[in-house]
Asks: 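What follows is a structure written as structure tokens; I'll ask about it next.
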There are 2 protein chains.
Amino acid sequence: MDPVGFKQHDHKTCIRSGLKAVDAYCADHSLQFTPVRRRVLEILLQQHRAMGAYDILDILRAEDLGSQPPVVYRALDFLVRHGFAHKIERLNAFIACAHMGQDHTPAFLICRACDAVAEADADPARKVLGQATSESGFVIEQAAVEALGLCPACQKAAQ
Amino acid sequence: MDPVGFKQHDHKTCIRSGLKAVDAYCADHSLQFTPVRRRVLEILLQQHRAMGAYDILDILRAEDLGSQPPVVYRALDFLVRHGFAHKIERLNAFIACAHMGQDHTPAFLICRACDAVAEADADPARKVLGQATSESGFVIEQAAVEALGLCPACQKAAQ
DNA sequence: GTTGATATGTTATAAAGTAACATGTAGCAA
DNA sequence: TTGCTACATGTTACTTTATAACATATCAAC
């Protein structure tokens, strides 16, 4: 799995295939992929960056798809719970999952200059952590790595 | 480095030695370890758990050591910036560093049932991530791992 | 003792998130 | 069809978390 986010890609395709994958998954698991939920995911896929809940809400408002915070928080909760989106705790923001459908431990590379976020995978890290923690008796159910640094573009800009 | 937090230890000693280490570090680096900053760290060391900024503020208030949010946020900012405390993003809470003075990439084991937090180390994870991301050109400056799961005590309680 | 840098005090407000209850809707069962 | 159930959405009001901005204090160096 490559880190996604700091390179060119066919963006229209990635929006379409993302939605398609979730359509299929929801059909399979009898989850209700309702208009608001679908639109919120579509917004995240389109923007292709971490967005605050209120940024998303502004867009929904303009489209009469719900105008109060709980609407967007509930949609985001659904998306995150089922792994279609991730929350970037460090930014209080949300981003569409870049590895839709694959079971993974996400690792986020967050640019401190421009707030761009790329999603890599940290599966090996999980194992490493697992060793370190097995002594303590703690059982890991879910883990996320958030790394702060500079993306290629901002490195150039800083020179 | 062992994960600290889910086992017995001499707590008075760990408060004293923590403060002493920071005293020394600040003297060495001409940082001002002022009464508020010192007291906030002491509170975190005493409580030995992740605390919200406003929980800490309540204690400071009772002691006339500052009564408004910026006071505690500034102290926490100082402590975090210099590695004496960590922010647990997932909980919007702060915890004293368990590996004071040692350069490390913290990994937090957060119990989803009781919110207890233990600090392990993820240094190997940094290397793993470094490989995955070197292709993308992203330069990691700082990384944190937050793992959610069940601590030994809550596992027992759940049976 | 004036200056500059850093820390604290204080007011006010922004930003992020949720509790609680009302309303709508879709599927199933009698 | 009706009514029941489960789930989703609409809405109000509020809590929690965090910060901007400006005033004041402290302290060391000149």
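Below, read A as the first sequence line, B as the second, and so on, with proteins coming before strands; counting in each chain starts at 1.
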Asks: Return no unless some side-chain N or O of B:S67 is found under 4.0 Å from OP1 or OP2 of C:dG9.
Replies: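 So the side-chain polar atoms of B:S67 never come under 4.0 Å of the phosphate oxygens OP1 or OP2 of C:dG9.
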Asks: Just to confirm, is there a sub-4.0 Å distance from OP1 or OP2 of D:dA18 to any side-chain nitrogen or oxygen of B:Y73?
Replies: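 For D:dA18, OP1/OP2 do have a side-chain N/O of B:Y73 under 4.0 Å.
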Asks: What is the separation between atom CZ on B:F78 and atom C1' on C:dT8, rounded to the nearest whole Å?
Replies: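 Spelled out: CZ on B:F78 to C1' on C:dT8 is 14 Å.
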Asks: Can you tell me which residue among A:I59, A:I95, A:I56, A:D55 is in a side-chain contact (heavy atoms from CB on, under 4.5 Å) with A:Q47?
Replies: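 Of A:I59, A:I95, A:I56, A:D55, side-chain contact (heavy atoms from CB on, under 4.5 Å) with A:Q47 is met by A:I59 alone.
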Asks: Between the main-chain N or O of B:G137 and the side-chain N or O of A:Q155, is there a donor-acceptor pair closer than 3.5 Å?
Replies: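 At least one qualifying donor-acceptor pair exists.
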Asks: Looking at the base of C:dG17, is there any donor atom on it, or on the side chain of A:R74, that sits under 3.5 Å from an acceptor on the other one?
Replies: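 No.
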Asks: To the nearest Å, give me how far apart CD1 (B:I56) and C1' (D:dT17) are.
Replies: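 Nearest whole value for this atom pair: 13 Å.
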Asks: Could you pull out the closest heavy-atom pair between A:L45 and A:A96, with the gap in Å?
Replies: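 That would be CD2-CB, 3.7 Å.
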Asks: Kindly say whether the aromatic ring centers of A:Y25 and A:F84 come within a distance under 6.0 Å.
Replies: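 Centroid distance A:Y25-A:F84: below 6.0 Å, so yes.
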Asks: Looking at DNA chain C, which of residues 83-93 of chain A put a heavy atom within less than 4.0 Å of it?
Replies: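 Of all residues in residues 83-93 of chain A, the ones placing a heavy atom under 4.0 Å from DNA chain C are A:K87, A:N92.
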Asks: Please report, rounded to the nearest Å, how far the P atom of C:dT18 is from the CG atom of A:L57.
Replies: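 Rounded to the whole Å, the gap is 14 Å.
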Asks: Output the rounded distance in Å from CD (A:Q68) to P (C:dT23).
Replies: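 Between P of C:dT23 and CD of A:Q68: 16 Å.
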Asks: Step through it carefully: locate the ring centre of A:H86, locate the ring centre of A:H99, and say whether they are under 6.0 Å apart.
Replies: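 No, they do not, as the ring centres are separated by 6.0 Å or more.
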Asks: Measure the distance from CG on B:D58 to P on D:dT17 and round it to the nearest whole Å.
Replies: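 In whole Å, D:dT17 P and B:D58 CG are 11 Å from each other.
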Asks: Any donor-acceptor pair under 3.5 Å joining the side chain of A:Y54 to the base of C:dA14?
Replies: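 A donor-acceptor contact between them is absent.
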Asks: Out of C:dT18, D:dT9, D:dA18, which has the shortest distance to the side chain of B:F94?
Replies: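 Closest nucleotide to the B:F94 side chain: D:dA18.
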Asks: With sugar-phosphate meaning primed atoms plus P, OP1 and OP2, does B:Q32 contact a base, only sugar-phosphate, or nothing at under 4.0 Å between heavy atoms?
Replies: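 Here B:Q32 touches the backbone only, sparing every base.
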Asks: Step by step, work out the side chain to side chain contact (heavy atoms under 4.5 Å, CB included) result for A:V72 and A:Y54.
Replies: CA-CA 8 Å; A:V72 70; A:Y54 284 76; over 6 Å; no
Asks: Measure from CG on A:L76 to P on C:dG17 and round the result to the nearest Å.
Replies: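 Result: 9 Å.
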